[in-house]
Protein chains: 4
Amino acid sequence: MNPSSKTAPVVSSGNPLRERLRAETARSIVGAAEKVFAAQGVNAARMDDIASEAGVSVGTVYNHFEDRESLLNGLLATRRAELVANLDAALEAGGGEPFPFMLERFTSTLLEHFESHRPFFSIVIEGEHRRGFPATGRGNDAMLEVYQRVEHLMTRGLRKKALRSQGAELWPALFMGAVRGAMVHSLYDKSPARPLAERAPDLVRFFLDGAGA
Amino acid sequence: MNPSSKTAPVVSSGNPLRERLRAETARSIVGAAEKVFAAQGVNAARMDDIASEAGVSVGTVYNHFEDRESLLNGLLATRRAELVANLDAALEAGGGEPFPFMLERFTSTLLEHFESHRPFFSIVIEGEHRRGFPATGRGNDAMLEVYQRVEHLMTRGLRKKALRSQGAELWPALFMGAVRGAMVHSLYDKSPARPLAERAPDLVRFFLDGAGA
Amino acid sequence: MNPSSKTAPVVSSGNPLRERLRAETARSIVGAAEKVFAAQGVNAARMDDIASEAGVSVGTVYNHFEDRESLLNGLLATRRAELVANLDAALEAGGGEPFPFMLERFTSTLLEHFESHRPFFSIVIEGEHRRGFPATGRGNDAMLEVYQRVEHLMTRGLRKKALRSQGAELWPALFMGAVRGAMVHSLYDKSPARPLAERAPDLVRFFLDGAGA
Amino acid sequence: MNPSSKTAPVVSSGNPLRERLRAETARSIVGAAEKVFAAQGVNAARMDDIASEAGVSVGTVYNHFEDRESLLNGLLATRRAELVANLDAALEAGGGEPFPFMLERFTSTLLEHFESHRPFFSIVIEGEHRRGFPATGRGNDAMLEVYQRVEHLMTRGLRKKALRSQGAELWPALFMGAVRGAMVHSLYDKSPARPLAERAPDLVRFFLDGAGA
DNA sequence: CATGAATGAGTTTTCATTCAT
DNA sequence: AATGAATGAAAACTCATTCAT
């Protein structure tokens with residue numbers, strides 16, 4: 001499940017308790033990595049800080065992840081998998097609904113996940129614009145599957161005539177851009193009372209009808 | 001004019017030729033920094049590489065900029081100043097026009113600048129989400145003035161009833177998000193034939209009317 | 001105990017062996033620093049050389065001391081603490097003796113320490129004359145406690161009428177100057193057979209009676 | 001006269017005015033070097049700072065002195081020559097006097113010179129303890145000629161039975177040490193009103209009779 | 001397995017010296 | 001001769017990674 005984990009026995013070892021403890025440690029490290037990578041930036045984050053944050057020693061981090069790169073990839077893969085699972089569930093659940101409802105459900109799920117994993121969001125954004133980074137599946141690829149869901153959704157909207165076809169190749173990018181705009185806005189918003197996910201209807205209305213009077 | 005430059009004589013020294021050469025070198029360094037910071041990422045970029053790219057030695061870079069941070073800030077300040085000047089000119093030029101035309105003019109200017117300074121755009125994006133970064137004018141602050149123009153423009157649109165007032169506090173963020181979406185899209189577009197700035201009408205239409213049928 | 005040490009656990013960590021090894025390494029680094037700082041001069045000494053001398057890598061030096069300055073301060077603090085402890089012991093031991101004996105005991109202790117830590121002496125001297133050096137406990141401050149002992153001793157001599165009161169404010173400085181003169185002399189002496197400490201009686205006689213016939 | 005000066009025409013060029021200007025510049029540089037070397041330390045002083053202090057550009061410094069080392073040596077040589085000339089004059093003047101008077105005259109001259117060239121004093125002290133510094137005539141050598149005068153004087157005192165012969169090999173070192181003690185004391189003295197040279201009688205009395213009651 | 005001290009390659013930064021103008 | 005920008009070797013410091021305990 002975690003493609004970067006190291007020394008993980010292919011089949012569960014005889015001891016399920018040890019198994020569980022190991023997984024727990026790994027989870028803790030991933031959580032710490034998310035925090036630290038986001039707080040200090042992907043490049044500035046130090047392995048020692050991640051270890052401290054996780055409450056273990058550096059050595060232990062290396063017992064769970066081959067190297068720094070693997071840890072970052074593992075983190076992104078984990079969060080991405082969670083998000084994609086949620087999105088797929090949302091798409092599934094709203095399968096028969098009219099497009100606007102489906103879109104709102106989807107948007108809401110997206111915002112919820114980003115809100116509860118803001119650091120993940122930061123990391124993804126940081127890498128998003130970097131072209132052809134040396135030999136890693138980082139950056140955009142981290143969002144590739146999400147993008148595919150968005151594209152799928154937009155195709156559906158087009159088929160249902162809920163979306164204009166002129167300029168349609170931009171819909172996914174503009175939708176994601178708007179979502180991102182809302183996210184960034186909330187980072188600086190003075191009123192953090194309202195959960196971000198409640199913005200979903202506003203966002204959808206904007207996406208479908210625009211800001212014009 | 002360049003707040004980060006070092007040893008820059010307060011009044012032009014007696015020698016205007018030397019003066020000009022010095023400025024030329026500084027410009028060359030800033031250009032190289034833009035390229036390298038964007039290509040390798042703000043944190044991974046090495047001063048040596050920037051120097052090589054500029055065709056000078058490291059020492060020369062340090063003759064012009066106090067340190068790495070100053071170079072980055074100087075670069076951002078330079079590009080931002082150019083962009084803001086262009087935006088203000090656009091706002092000025094379209095002063096009497098109806099809102100949609102003004103918005104398109106503005107959007108077009110924004111896209112043009114980003115297109116001709118894609119690396120700058122990359123750098124700004126990279127820092128945009130990082131909160132409270134150590135006492136620098138980096139990241140979001142780099143775009144603060146641009147944001148102010150957008151807000152100003154949106155206020156105008158509202159006053160002219162060209163924009164809905166419901167959800168209006170999000171318009172600037174959503175506008176910038178959409179612009180950003182178009183930018184990122186173009187980074188991965190297979191057909192880079194059409195200049196990005198030509199997307200301005202599409203973008204404006206999307207912003208005002210949405211993607212709905 | 002060592003104010004400059006880094007990462008030093010507040011309470012001894014669970015592992016006393018590791019503890020001891022760590023301390024041993026620190027001691028080795030301090031010894032190497034003393035040698036190298038003295039041999040090459042405080043400013044010319046290179047961290048790499050100190051590391052080599054100590055038989056460790058640079059990184060290890062930095063694991064034990066925050067930076068170059070801390071290492072120097074740590075070294076001075078360590079040696080000064082040793083010296084002050086010795087001096088206090090000497091003063092204690094000679095508590096009831098007549099002043100000349102006490103002075104000789106003190107002088108002897110001073111010379112012994114300087115002889116066995118000549119490099120330390122060199123470093124102290126090098127900084128002694130520099131006024132208001134950037135916010136460090138270097139230079140004169142390194143000897144402040146020693147000076148205080150000397151002043152204390154002189155006060156005692158005055159009280160006991162063993163010293164003239166005219167020009168008394170100079171006695172500490174002149175005493176230290178004479179000690180220093182003897183030290184420097186021994187640096188260039190061709191006959192290093194006699195340990196420096198044996199000069200104590202001569203020094204005391206000079207200090208009390210002068211060089212006059 | 002200045003053994004380190006560069007490009008200095010062996011015989012005065014045809015133009016005595018230019019000659020004088022050149023010498024004036026050199027003097028100014030030496031003065032600046034004295035200040036800066038003393039203020040920042042021999043190793044930390046930067047050529048740029050010396051140039052600024054002298055009111056010329058770095059290039060000009062290099063037009064007058066081969067390199068950094070030459071500048072330092074030139075400075076030391078210049079000051080030493082002045083001091084030695086003064087000392088010799090003092091010895092000459094007091095040729096027939098009784099030893100104590102001669103000693104006082106000598107001491108006074110020494111203190112005067114150090115007082116008006118405190119920076120020089122600092123530099124000399126800084127190098128004094130460094131043994132066998134790489135291939136330079138620096139440090140102690142800077143004082144060698146002074147030491148020789150002191151030795152000469154002490155020999156005279158011995159011959160005249162004004163000084164004890166027991167422990168006589170230490171007299172020069174102890175004398176210089178006492179002078180140095182007085183100097184350092186004055187650096188930290190709260191009452192800088194009295195010129196240091198007035199301390200000469202006290203110093204001589206101490207040297208001859210000691211501090212004992 | 002966990003630990004954390006040791007390692008050393010890789011970066012930033014400084015500054016004496018050169019040289020075209 | 002004076003200038004000051006350019007040079008690049010040298011030094012301080014960082015941090016991912018290893019490995020003995």
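We name chains A, B, ... by the order of the sequence lines, and we start the count at 1 in each one.
With E:dA6, E:dT3, F:dT7 as the candidates, the nucleotide lying closest to the side chain of B:V56 is F:dT7. Closest to the A:S57 side chain, of the nucleotides E:dA2, E:dT7, E:dA5, is E:dA2.
As a whole-Å value, the separation of B:L71 CG from E:dT13 P is 10 Å. For B:I29 and F:dA6, the CD1 to C1' distance is 10 Å, given to the nearest whole Å. One can place CD of D:Q40 at 12 Å from C1' of E:dC15, the figure rounded to the nearest angstrom. Separating the CG atom of A:D49 from the P atom of F:dT14 is a distance of 13 Å, rounded to the nearest angstrom. As rounded to whole Å, 16 Å separates atom C1' of F:dA12 from atom CZ of C:F65. Here the C1' atom of nucleotide E:dT12 and the CG atom of B:L72 are 15 Å apart, to the nearest Å.
The pair D:R27-D:E24 counts as a salt bridge, with a side-chain nitrogen and a carboxylate oxygen less than 4.0 angstrom apart.
Distance CG/B:D67 to OH/B:Y62: 7.0 Å, rounded to 0.5 Å. Rounding to the nearest 0.5 angstrom, the gap separating the CD1 atom in A:I29 from the CD1 atom in A:I50 is 9.5 Å. A:S52 OG to A:M47 CE: the interatomic distance, rounded to the nearest 0.5 Å, is 11.5 Å.
Remark: B:H64 is in phosphate contact with F:dA6, judged by side-chain N or O atoms under 4.0 Å from OP1 or OP2.
Listed by chain and residue number, B:E34, B:E82 satisfy the salt bridge (charged side-chain N to carboxylate O under 4.0 Å, His left out) test with B:R79 (two or more places apart in sequence, or in another chain). A search for salt bridge (charged side-chain N to carboxylate O under 4.0 Å, His left out) contacts involving C:R20 returns nothing, not counting sequence neighbours.
Every stem involving DNA chain E, taken as at least 3 paired positions in a row under the Watson-Crick or G-U wobble test at 3.5 Å, is listed here: E:2-21 with F:2-21.
Map B:T25 and C:T60 each onto its nearest nucleotide of DNA chain F; the residue landing nearer the 5' end is B:T25.
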Open item on the list: With side-chain contact (heavy atoms from CB on, under 4.5 Å) as the criterion, how do A:F65 and A:L72 come out once you've worked through the C-alpha distance, each side chain's angles and the decisive distance to 0.1 Å?
Closed with: CA-CA 9 Å; A:F65 296 89; A:L72 177 53; over 6 Å; no
Table please: side-chain donor-acceptor pairs of residues 53-60 of chain D below 3.5 Å, with sequence neighbours left out.
from  : atom 1 : to    : atom 2 : distance (Å)
D:E53 : OE2    : D:K35 : NZ     : 3.1
D:S57 : OG     : D:T60 : OG1    : 3.4

Open item on the list: For a quick check, with a 4.0 angstrom heavy-atom cut-off, what is the B/S/- contact string for nucleotides 16-21 of chain E, read 5' to 3'?
Closed with: SBB-BS
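Of the N and O atoms on the side chains of A:S70 and A:N73, not one donor lies less than 3.5 Å from an acceptor on the other residue.
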